[in-house]
Amino acid sequence: MKTDHNKNIETLKELIDSKDFIPNVSVDCTIFGFHNGILKVLLLKYHDLDLYSLPGGFVFIDEDLRHAAARVLFERTHIKDIFLEQFHTFGRLNRTENNVHKTLIQNKGLQIPEDHWILQRFLTVGYCSLIDFSLANTFPDAFNETCDWFEVDNLPSMAFDHDRIINSGLEFLRHNIDTQVAASNLLPEKFTMKDLQSLYETILGESFRRNNFQRKILSMNMLERLEKLYDGSANKAPYLYKFIEKYHSKSKPYTFFEEETI
């Protein structure tokens, strides 16, 4: 969907002229989506540029980081009320050398001084989440012409260091898969061990022996075994499971494990 050109320029000019943001600090949201055995990441494409980026933005002076991440994600994609977790701060000296903001501003015919805050070096705080991408009703905002999902191993050309942020987020997701899966609502309330194993294998990119996987998962004591699933087939009926409440954030979609740091 194309947005009105004049409105885009007006929105960009308001951003450039704003004095309400913390200098040199931003947030970027790495939203992973799982559906039908495929793991993807949500990206936005800039107007007039053949580059994609993560949903990201600036932090208001009177705003907590975690609130900034949730606000920016909603403003850029319309996604809200999901489990977001801070996973890393990115501060390499050259991370913004391919300054997309400068090119974007020039393409709109706007002029700003070289020492403007939006052209300066930025540290960005990464947040990630794991959701079912078929449930996300996303839309492009004033700075982007498309908002779409891409497979994590087939990324397009990325702005800034966002490919590195994605790889770091994927590594974090894999290291914290038990907490992330329980909090993500990717599975129905009741699911089979096969369903859970398929999800783990897709995220981790490896296969497991059924008995070994089941033994490991059950040893973690985060599942409650329920009734068997009878579907009328001749196969042995599998048990259904659900996450024990303390591992499941369904009632608390916006959860943080510790105080924010930077």
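Quick caveat, the model's predicted, so the values are computed rather than measured.
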Worked check of side chain to side chain donor-acceptor pair (under 3.5 Å) between Asp195 and Thr192: CA-CA 5 Å; Asp195 294 332; Thr192 66; 3.0 Å; yes
Test side chain to side chain contact (heavy atoms under 4.5 Å, CB included) applied to Phe160 and Leu54, step by step: CA-CA 10 Å; Phe160 305 119; Leu54 293 167; over 6 Å; no
Derivation of the side chain to side chain contact (heavy atoms under 4.5 Å, CB included) call for Ile165 and His162: CA-CA 5 Å; Ile165 296 176; His162 286 193; 3.7 Å; yes
CA sep, side-chain torsions, deciding dist, call: Leu73, Ile82, side chain to side chain contact (heavy atoms under 4.5 Å, CB included): CA-CA 10 Å; Leu73 180 63; Ile82 65 171; 3.6 Å; yes
Verdict with reasoning, Phe191 to Leu186, per side chain to side chain contact (heavy atoms under 4.5 Å, CB included): CA-CA 10 Å; Phe191 51 85; Leu186 287 175; over 6 Å; no
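Between Gly91 and Arg121, the shortest heavy-atom contact is O-NH2, 2.6 Å. Of all heavy-atom pairs between Leu44 and Cys147, the closest is CG-SG, 4.2 Å. For the residue pair Phe208 and Gln197, the shortest heavy atom distance occurs at O-NE2, 2.9 Å. Ala159 approaches Ser53 most closely through the heavy-atom pair CB-CB, 4.3 Å. The two residues Ser26 and Phe58 have their closest heavy-atom pair at CB-CD2, 4.3 Å. The two residues Pro55 and Arg76 make their nearest non-hydrogen contact at CB-CB, 4.1 Å.
There is no path of hydrophobic side-chain contacts, each under 4.5 Å, that joins Val25 to Leu93.
A parallel orientation is assigned to the rings of Phe21 and Phe60, their planes being inclined by less than 30° (bins at 30° and 60°). Relative orientation of the His78 and Phe74 rings is tilted, given thresholds of 30° and 60° on the angle between their planes.
Residue Ile31 holds its CD1 atom at 7.5 Å from SG of Cys128, rounded to the nearest 0.5 Å. Atom NZ in Lys194 sits 13.0 Å away from atom CZ in Phe213 (nearest 0.5 Å). Rounding to the nearest 0.5 Å gives a distance of 6.5 Å between CG of Leu199 and CD1 of Ile177. Between the CD1 atom of Ile38 and the CH2 atom of Trp149 there is a distance of 12.5 Å, given to the nearest 0.5 Å. In this structure, Glu224 CD and Lys242 NZ are separated by 4.5 Å, a value rounded to the nearest 0.5 Å. The OG atom of Ser168 sits 9.5 Å away from the CG atom of Leu170 when rounded to the nearest 0.5 Å.
Proximity of Ile131 to Leu42: side-chain heavy atoms (C-beta onward) are nowhere separated by under 4.5 Å. Side-chain contact between Phe150 and Lys40 is absent, with no heavy atoms from C-beta onward closer than 4.5 Å. In this structure, the side chains of Tyr241 and Leu218 come closer than 4.5 Å at one or more pairs of heavy atoms. Two residues are said to be in side-chain contact when any heavy atoms from C-beta on lie closer than 4.5 Å; Leu39 and Leu130 meet this criterion. Side-chain contact check for Val59 versus Leu65: some heavy-atom pair is nearer than 4.5 Å. The side-chain heavy atoms of Ile203 and Gln180, taken from C-beta on, include no pair separated by under 4.5 Å. Side chains of Arg215 and Asn212 form a contact here, defined as non-hydrogen atoms less than 4.5 Å apart. Using a 4.5 Å cut-off on side-chain heavy atoms (C-beta onward), Leu155 and Tyr52 make no contact.
Side-chain atoms of Arg95 come within 3.5 Å of backbone atoms of Phe122 as a donor-acceptor pair (strictly under, hydrogens ignored). For the pair Thr202 (side chain) and Ser198 (backbone), a donor-acceptor distance under 3.5 Å is present. Side chain of Ser129 to main chain of Phe83: a donor-acceptor pair is present (N/O by atom type, distance under 3.5 Å, no hydrogens or angles). Judged by distance alone, the side chain of Lys45 and the main-chain N or O of Leu49 form a donor-acceptor pair under 3.5 Å. Using a distance-only test at 3.5 Å, with no hydrogens or angles considered, no donor-acceptor pair links the side chain of Gln120 to the main chain of Asn24. In this structure, Asn167 contributes its side chain and Arg164 its backbone to no donor-acceptor pair below 3.5 Å.
Within 6.0 Å of CZ in Arg174 there are more than 12 heavy atoms belonging to other residues, nucleotides or ligands. For CZ of Arg92, the number of neighbouring non-hydrogen atoms (other residues, nucleotides, ligands) closer than 6.0 Å is 12 at most.
A cation-pi arrangement is present between Lys228 and Tyr239, with the terminal nitrogen or guanidinium carbon under 6.0 Å from the aromatic centre and inside a 45° cone about the axis.
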